[in-house]
Amino acid sequence: MILVFCELKDGQIRKPSTEALSEGRRLADASGKKVGALFAGASCAGAAEAAKFGADVILTAEAPTLASYSSDAFATLLADAVKAKGATVLLAAATAVGKDVLPRAAARLGAGYASDVTGLAMVDGKLQAVRPVYAGKAFATTTFSSAVQTATTRPNVFPAAEKAGAGAVEVLAAPAGDFKSVVKEILAKAGGKVDLSEANVIVSGGRGMKDGANFKILEELADAIGGVVGASRAAVDAGWGLPHSMQVGQTGKVVSPTLYIACGISGAIQHIAGMSGSKYIVAINKDPEAPIFKLANYGIVGDLFEVVPELTKAAKAMGIGKN
Ligand SMILES: Cc1cc2nc3c(=O)[nH]c(=O)nc-3n(C[C@H](O)[C@H](O)[C@H](O)COP(=O)(O)OP(=O)(O)OC[C@H]3O[C@@H](n4cnc5c(N)ncnc54)[C@H](O)[C@@H]3O)c2cc1C
């Protein structure tokens with residue numbers, strides 16, 4: 001079996017999890033295996049949706065102790081489920097939770113782990129994973145010598161493909177034990193916008209924005225085209241009041257939206273490491289020699305304070321982002 005750990009948010013499977021599950025289905029079809037979707041929480045209402053993405057079996061573990069993510073309890077649950085189902089592949093999306101829990105579960109299983117992969121294949125019944133290395137300058141193909149093979153899939157890289165699965169539900173017992181760490185409380189930030197790493201459209205600002213208050217024009221453009229706002233490290237580190245959660249790059253978030261608009265960002269290698277997987281890159285920079293133009297599909301040489309409001313006006317006039 002190929003087991004895919006899926007996350008729920010507001011009773012729905014998170015998009016990166018539907019991508020991981022769809023990839024699990026594809027690998028299972030290529031190797032004659034079954035796919036199990038594994039959910040955990042105080043309630044797993046919404047898990048049935050996994051059948052739409054090809055899950056043969058939907059495994060749910062419900063308990064008050066699983067209400068919030070905790071490394072110890074979830075890693076134990078995943079490792080136990082792999083053993084119980086005799087799974088040989090364990091996948092999850094490379095979200096904050098996925099990247100935390102999978103290596104822990106892998107360690108408990110003595111399994112190999114490939115993080116943040118952008119390609120997966122079954123070759124002679126064994127998993128092969130492709131992952132970007134050296135800040136995205138090269139790709140490494142990872143093979144596994146362990147019986148169980150685990151990987152996290154980079155969000156927005158694998159298509160979420162609807163394919164009906166049997167979706168038989170099996171209830172798992174919540175892991176019991178005196179776990180070393182327990183989450184007491186989660187203080188969610190108000191806002192409710194899509195997380196950067198899941199966004200389909202991102203408008204990012206760099207040092208060229210000159211001040212945090214100027215990010216308002218990026219918010220306006222993002223609102224007009226249905227996107228969210230990101231930033232370069234220079235902008236985050238400038239003391240403009242931008243949170244680190246907005247940072248895109250090697251030491252920030254790795255994003256792969258359909259559209260990435262870089263405004264006043266030079267295109268340093270550490271920034272590119274976080275956004276080069278975007279489908280279409282638009283760069284707005286007043287310096288025609290800025291390295292970002294080498295990567296961009298479309299470039300506008302000009303002052304962003306003139307260009308961005310014009311784009312917003314045009315997007316509003318065309319009604320983009322309203323569908
Ligand atoms: C270990 C390490 C990790 C790092 N991790 C990250 C990371 O995760 N993310 C990241 O982004 N960086 C990271 N960096 C920093 C990185 O090297 C760059 O310093 C940073 O990306 C530069 O940000 P920037 O492009 O906003 O600023 P700059 O390089 O200063 O570029 C600003 C750009 O704005 C343009 N500009 C100025 N005014 C205007 C205007 N009015 N209109 C249009 N264009 C204008 C300029 O022409 C220039 O190209 C890291 C560095 C190190 C050493």
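All ligand and atom numbering here is 1-based and tracks the order in the structure.
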**Prompt:** Does Ala199 offer a backbone N or O that forms a donor-acceptor pair with the side chain of Asn156 under 3.5 Å?
**Reply:** yes

**Message:** Counting only heavy atoms, tell me which of Gly230, Ser266, Gly206, Gly208 gets closest to atom 29 (O) of ligand 1.
**Reply:** Ser266

**Request:** Indicate the atoms forming the closest heavy-atom contact of Ala231 with Ser204, along with that distance.
**Result:** N-OG, 3.4 Å

**Request:** Around atom 41 (N) of ligand 1, find the nearest protein heavy atom and jot down its residue, atom name and distance.
**Result:** Asp303 OD1, 3.0 Å

**Request:** Using non-hydrogen atoms of the residue, decide whether Lys210 is closer than 4.0 angstrom to ligand 1.
**Result:** yes

**Asked** Quick one: does Ala235 get an N or O within less than 3.5 Å of an N or O on ligand 1?
**Response** no

**Message:** Closer than 4.0 angstrom, basic N to acidic O: yes or no for Asp303 and Lys286?
**Reply:** no

**Fill in**
atom 32 (C) of ligand 1 has as its nearest protein heavy atom Gly264 O, 3.4 Å

**Request:** Quick one: look at Val307 and ligand 1, take heavy-atom pairs under 4.0 Å, and tell me if it's side chain, backbone, both or neither.
**Result:** neither

**Prompt:** Does ligand 1 have a heavy atom under 4.0 Å from the side chain of Ala268, from its backbone, from both, or from neither?
**Reply:** side chain

**Request:** Heavy atoms only: give me the nearest Leu38-Ala81 pair and the separation to one decimal.
**Result:** CD2-CB, 3.9 Å

**Asked** How about Lys15: does its NZ atom have over 12 heavy atoms from other parts shown lying under 6.0 Å from it?
**Response** yes

